[in-house]
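Read the structure below first, then the notes.
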Amino acid sequence: MTFPDLVPILRAAMPSLRGRLVANQSLAELTWFRVGGPAQVLFMPEDETDLAYFRAHLPQDIPVTVIGLGSNLIVRDGGVPGVVIRLGRGFSDVTVEEGHRLRAGAAVPDVKVARAAQEAAIAGLAFYRGIPGGIGGALRMNGGAYGRETKDALIEARGVDAQGNVRVFSNADLHYTYRHCGVPDDVIFTQALFQGMPGDPAAIAAEMDKITESREATQPIKSRTGGSTFKNPPGRKAWQLIDAAGCRGLIVGNAQVSEMHCNFLINLGGATAADIETLGETVRRRVKDTSGVELEWEIKRIGIPAGAAPTAQHG
Ligand SMILES: Cc1cc2nc3c(=O)[nH]c(=O)nc-3n(C[C@H](O)[C@H](O)[C@H](O)COP(=O)(O)OP(=O)(O)OC[C@H]3O[C@@H](n4cnc5c(N)ncnc54)[C@H](O)[C@@H]3O)c2cc1C
């Protein structure tokens, strides 16, 4: 499946753009599940100024979707109409600041933030050791583990809105709740400033090793997966509801509910996005039938199904 090429239209509208534009770029290899169709256009901005310029000059009828490291994402088989933005090198600095603070670009993998904090004797960020996404995804998802989440460590986040304005959001402005950020979806985060505490590097390293061991023992982290598929409903565990509904090991096409952790879905090899999404919807239905609880997707699904008519044509 290919989309009409938007690149010439974008180049004409943005003569000073410095970042890369690629038409019909496959997205599957940019996600953990390794499924899905292409982006109509993939844009990789050089830096925050370039991103702001792009957004200020983008024709309003072209949709924008941002992706991070693709660890919480199903890209549907028909691909993503419009522009998909992925931040790279210009957003990958990590700097330690006075007062046990750490500043990280949105493209920095969470694990690098955990390591940089450990090396600088900053405690409070070790939980990022086990989350395979990047800081942009952590800001959007309020990513967390082992009793801490992004909102507990964040001072402020920078981002670029749909009009191309660079904005700074305080922790309170982000209106965080469990795996949810209250800032409008059009904001693309570019940087985070974290507050840590004084810590002992050896003790932090030991904490991180424990996290690694516990992950390897309880989660299929070497599989093609998207992590926890559904949010835990208030006072309940999604995996227990899924298990009680008899879904552990359930297969649709080449996708399976993990035997090891049944809130994880796995691409067994050759799965389509439709296999994975249908499996997830089957689980939701069975859980509703057995327990009355409606599970809510934690994994984000973007794009259109195979065979759907692409909507974003321009010019
Ligand atoms: C094996 C495994 C274990 C996991 N364990 C955990 C865990 O313990 N805790 C946890 O919270 N999550 C976990 N996850 C899920 C995932 O790692 C997190 O949700 C992570 O924060 C997603 O980051 P990402 O960069 O991969 O974002 P993506 O998956 O690429 O995107 C996720 C969402 O974030 C948005 N987004 C990405 N970048 C930006 C940006 N710069 N600005 C605005 N929005 C953006 C996307 O539009 C999308 O809506 C796990 C996943 C896997 C595969």
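Positions are given from 1, in the same order as the sequence printed here. Counting convention: from 1, in listed order, for ligands and their atoms alike. Values reported hereafter were calculated over all heavy atoms of this structure, with side chains retained and with hydrogens, waters and symmetry mates removed. This is a predicted model, so every value here is computed, not measured.
Counting only heavy atoms of the protein, atom 28 (P) of ligand 1 lies nearest to Gly70 N, 3.6 Å. For atom 50 (C) of ligand 1, the nearest non-hydrogen atom of the protein is Pro132 CD, 3.6 Å. Among all protein heavy atoms, the one lying closest to atom 48 (C) of ligand 1 is Lys300 CG, 3.8 Å. At the top of the distance list for atom 47 (O) of ligand 1, counting protein heavy atoms only, stands Val66 O, 2.6 Å. In this structure, the protein non-hydrogen atom closest to atom 37 (C) of ligand 1 is Gly68 N, 3.5 Å. Shortest contact from atom 42 (N) of ligand 1 to any protein heavy atom: Phe189 N, 2.8 Å. Among all non-hydrogen protein atoms, the one lying nearest atom 22 (C) of ligand 1 is Ser71 OG, 3.5 Å. If you check which protein heavy atom lies closest to atom 24 (P) of ligand 1, you get Leu69 N, 3.5 Å.
Between Tyr176 and His180, the distance from one ring center to the other does not fall under 6.0 angstrom.
Proximity of Leu27 to Pro38: side-chain heavy atoms (C-beta onward) are nowhere separated by under 4.5 Å.
Screening Val35, Leu30, Thr65, Ile67 for a side-chain contact (heavy atoms from CB on, under 4.5 Å) involving Leu73 leaves a single residue, Ile67.
Phe54 and Phe43 have parallel rings, their planes meeting at less than 30° on a 0 to 90° scale where 60° marks the start of perpendicular.
For the ligand labelled ligand 1, residue Glu149 lies outside the 4.0 Å heavy-atom shell. Assignment of Val187 to the shell around ligand 1 is supported, since a heavy atom sits closer than 4.0 Å.
Below 4.0 Å from some heavy atom of Arg215 lie the following atoms of ligand 1, by number and element: 3 (C), 4 (C), 5 (N), 6 (C), 7 (C), 8 (O). The atoms of ligand 1 that sit less than 4.0 Å from any heavy atom of Ala145 are 8 (O). Atom numbering of ligand 1 starts at 1 in the shown order; those under 4.0 Å from a heavy atom of Ala138 are 21 (O).
One N or O on the side chain of Gln40 and one on the backbone of Pro4 form a donor-acceptor pair closer than 3.5 Å.
For the atom pair Ile266 CD1 and Trp32 CH2, the distance stands at 11.5 Å (nearest 0.5 Å).
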